[in-house]
Number of protein chains: 4
Amino acid sequence: MARSPSDARETQPEPQAPRRRRAPAMDKGERRRSILDAALAEFSAHGFAGARLDDVARRAGVAKGTLYLYFSDKEALFRGLVEENLSPVLVDAGGMVALFPGTTRELLDLLIELLAQRVLETPAQALVRLMIAEGPRFPELAAYYHREVVVRGLALIRAIVSRGIARGEIDSDIPARFPQLVIAPAIVAVVWNSMFGAFDPLDVRQFLAAHRDMILRGLGWRET
Amino acid sequence: MARSPSDARETQPEPQAPRRRRAPAMDKGERRRSILDAALAEFSAHGFAGARLDDVARRAGVAKGTLYLYFSDKEALFRGLVEENLSPVLVDAGGMVALFPGTTRELLDLLIELLAQRVLETPAQALVRLMIAEGPRFPELAAYYHREVVVRGLALIRAIVSRGIARGEIDSDIPARFPQLVIAPAIVAVVWNSMFGAFDPLDVRQFLAAHRDMILRGLGWRET
Amino acid sequence: MARSPSDARETQPEPQAPRRRRAPAMDKGERRRSILDAALAEFSAHGFAGARLDDVARRAGVAKGTLYLYFSDKEALFRGLVEENLSPVLVDAGGMVALFPGTTRELLDLLIELLAQRVLETPAQALVRLMIAEGPRFPELAAYYHREVVVRGLALIRAIVSRGIARGEIDSDIPARFPQLVIAPAIVAVVWNSMFGAFDPLDVRQFLAAHRDMILRGLGWRET
Amino acid sequence: MARSPSDARETQPEPQAPRRRRAPAMDKGERRRSILDAALAEFSAHGFAGARLDDVARRAGVAKGTLYLYFSDKEALFRGLVEENLSPVLVDAGGMVALFPGTTRELLDLLIELLAQRVLETPAQALVRLMIAEGPRFPELAAYYHREVVVRGLALIRAIVSRGIARGEIDSDIPARFPQLVIAPAIVAVVWNSMFGAFDPLDVRQFLAAHRDMILRGLGWRET
DNA sequence: AATGAATGAGGTTTCATTCAT
DNA sequence: CATGAATGAAACCTCATTCAT
């Protein structure tokens, strides 16, 4: 595959100690994690097809063959990446929604904060874009992602809305029917920054705050 | 390269292979268009790196070499795709906004209709996803897209908002600061259907109508 | 075939009038000649395999298909080049030797002059190198060249030596046995300049004059 | 690039093809040498552009990809060939000239012997012709060859001449000014045999012996 | 006769995957 | 377990040659 010419890669070196024999003490989980980290970096920089397992191995500090001891092939590595990185955030968010005592507005602020700190401002944001980019070519992975991440996330949004209505703070059922409307700006923010961030960055927190304001009013927000 | 015939090698694979008829003469523009259509189909099915020019050629009904008479290389073909498909819609939308006499609500409906008919329900929707998928690897193309499509589109949104405020129909300046909030659901709809459409389709028109209702209220909508 | 990277080619334009329909008045011989001239230039710049018929056609100011009206294929074009360019000089040289009244030394000077003016300082010198470069891959052409050019040239050298001995000016039969020794420096001069001429040019005339002096003495030169 | 398996295409060419045994482990230098030998054979039979790396690999008994573990591309392979084969002879020749106690005539005989045994009668002779054939298209390689081989060789010739003059055996400074005259017949012999050897072979040793005799006399040879 | 768009075999190069050490 | 040299299928691109106009 010809890489795009604009795709100037760091010329090999990669601040990596000149590795000779096997890696020193490092247990299985630790090594697996370092492979996944390296894979996230390479996949997000070059896409699934464009990423070289050679580079993943080098970045992880292992031999190329070692990758195959942890993942059966390139695709399994990609799957591992998705499966390992996205669920935890949802679990935490679910807990928050269940226990939070304050107003819907405060709850949304909390979740924006969580999203920003745990996804949007971390390397994991690349995963969102990777899923969008490669999803159609990995139908099973897309189904997994839909089941484990998307459906749960949307359910959470519905829960927030129900809660808000129950509290008399909002009155619209639109986001119960189309919860995607609530999360859409977060998706777009990730996409925007991955494409245009270099020359026209979007401030994610301000952007989501504006979204919060607009939809709260759109949902009939009333302080109680 | 043809080797000299006197240059006896191990294998002489019958230099006089039966030659297939060539495609009937076709208007230059027509052929260019059929190549672009084929490219859109292949790129959207397999991504930039995954698409085979062989398949593009076969689908377009031309020989592999013919592609290179119209586009200097694979990247140029991809560029051609983006450049040829997205600008026209914006031009039309711009015209509409400038001339439309009705309410903001009616104007939004009209634009949703335009978007649906010209992009979201046509093969061109794949282009949006392709740009998201491949953009980070084609910075120049991303810059072009930003300049020619995104900036213009956002300007159009700002114009609609100003118009609405001037007409006394809405009162918020949020979308003037973050016009991306207005278009985000359209982006997400395309992405959603490309990934989950097969088993959990999203009705784009209903989705965008719900969005319209929510943001109009969110912007202080008042019939005048 | 990948061309050598160092092989920066003039980017297409080629001071050529924008040709539309057919070439204007130009008779068959004239056109054949312009094709051969173009071919000499391209073959000598890029070698047989490296030369593109596209470039030959452009340089000759004809369409690519036209080449095939004059030469059946690339190889025939190369053959035509060799056959058309080298014999005339030998004919003239033969005449000189037969009629020349002066000393062997003067005769050699005359032939050096002829060689320099008609071959070594013209585009035809490239043909010598081309034959060396491509000869082994064109055995029939090599045989032709051997028969028509080399054998005749060596016979001429033997004639000069016999003449010199008959005149009592020299006394060795070495060059009658190995006439290649007499012409070798001319070959080497052409090769030298084609390879190193750019940064370490060899003055062909001084070089051949030195050769003349050395071999005359080596052959027992005695002014009569 | 391996496509994702879920990515159903027209042709599924049995991804589990029976895999051939790999070449038994071989010393790195040994393998490099066998690749170079194969390359020399193929390049010299077909020229740089005409040689197929496929054939080089097959002849060397390795897979095509293996070539790229040893040489970054076709050009590097060609460079490796030149750099690895010609310098050693010069080193040895230099040693001889420095230490040799006998007459200039005996020294020349020794060098002719060396040249014949180490270059002219080995596959390396093809390299000389290859350099002539391809040199103009590889200016950097030509410069390398000029610097490492040619200049040194000519210096050696000058050294021999000075030595001869110092010993009172010869008296001419012509070859000090144009040392190419001394080596020219060796070049021509190689070229001759590569082109005409099949039907009109030239006996290199006799040829060079005749040259030795002629130039020695031409330089005023006197036994001391 | 002349044109030049179209063809497609063929070559170089890449890189996921294997397996002997 | 880990390594990394070796493998070879596959993809992009070139260019000699053809042929409808």
Interatomic distance where CG belongs to C:Leu67 and P belongs to F:dC19 [whole Å]: 17 Å

Is the side chain of C:Lys64 donor-acceptor paired with the backbone N or O of C:Val56 at a distance under 3.5 Å, no angle test? no

Quick check for you: among F:dA2, E:dT7, F:dC13, whose closest atom lies nearest to any side-chain atom of A:Arg31? F:dA2

To the nearest Å, how far apart are B:Ile35 CD1 and E:dA5 P? 13 Å

In terms of heavy-atom contacts, C:Ala126 and C:Leu40 come closest through CB-CD1, 4.4 Å

For a side chain to side chain contact (heavy atoms under 4.5 Å, CB included) check, start with the C-alpha distance between A:Arg31 and A:Asp27, then their side-chain angles and the critical distance, and finish with the verdict. CA-CA 6 Å; A:Arg31 181 154 303 184; A:Asp27 75 19; over 6 Å; no

Can you list every ring pair (Phe, Tyr, Trp, His ring centres under 6.0 Å) pair that touches residues 49-85 of chain A, not counting sequence neighbours? A:Phe43-A:Phe78, A:Phe48-A:Phe78, A:Phe78-A:Phe138

Quickly work out the B:Leu53 CG to E:dG8 C1' distance and round it to whole Å. 14 Å

Between CG of C:Asp54 and C1' of E:dA5 the distance, given in whole Å, is 11 Å

How long is the line joining CZ of D:Arg52 and P of E:dA9, in whole Å? 15 Å

For B:Leu69, report the nucleic acid contact type (base, sugar-phosphate, nothing); a contact means any heavy atom under 4.0 Å. base

Lys/Arg N to Asp/Glu carboxylate O, B:Arg52 vs B:Glu42, below 4.0 Å: no

Watson-Crick and G-U pairing of DNA chain F written in dot-bracket, each distance under 3.5 angstrom, with | for inter-strand partners: .||||||||||||||||||||

Nearest whole angstrom, please: distance from the P of F:dA16 to the NZ of C:Lys74. 4 Å

If you pin B:Tyr68 and D:Gly65 to their nearest nucleotides in DNA chain F, which one's is more 5'? D:Gly65

When all nucleic acid strands are considered with a 4.0 Å heavy-atom cut-off, which category describes A:Tyr70: base, sugar-phosphate, or nothing? sugar-phosphate

Give a yes or no on whether a salt bridge exists between B:Glu140 and B:Arg79, defined as a side-chain N under 4.0 angstrom from a carboxylate O. no

Quick one: the side chain of C:Lys64 and the base of F:dT17, do they pair up donor-acceptor inside 3.5 Å? yes

Heavy-atom nearest nucleotide on DNA chain E for D:Asp73 versus B:Lys28: which residue maps closer to 5'? B:Lys28

Nucleotide F:dT14, atom P - distance to CG of C:Asp55 in whole Å: 13 Å

Rounded distance (Å) that lies between atom C1' of E:dG10 and atom NE2 of D:His46: 15 Å

Quick one: do A:Glu30 and A:Arg33 make a salt bridge, cutoff under 4.0 Å? no

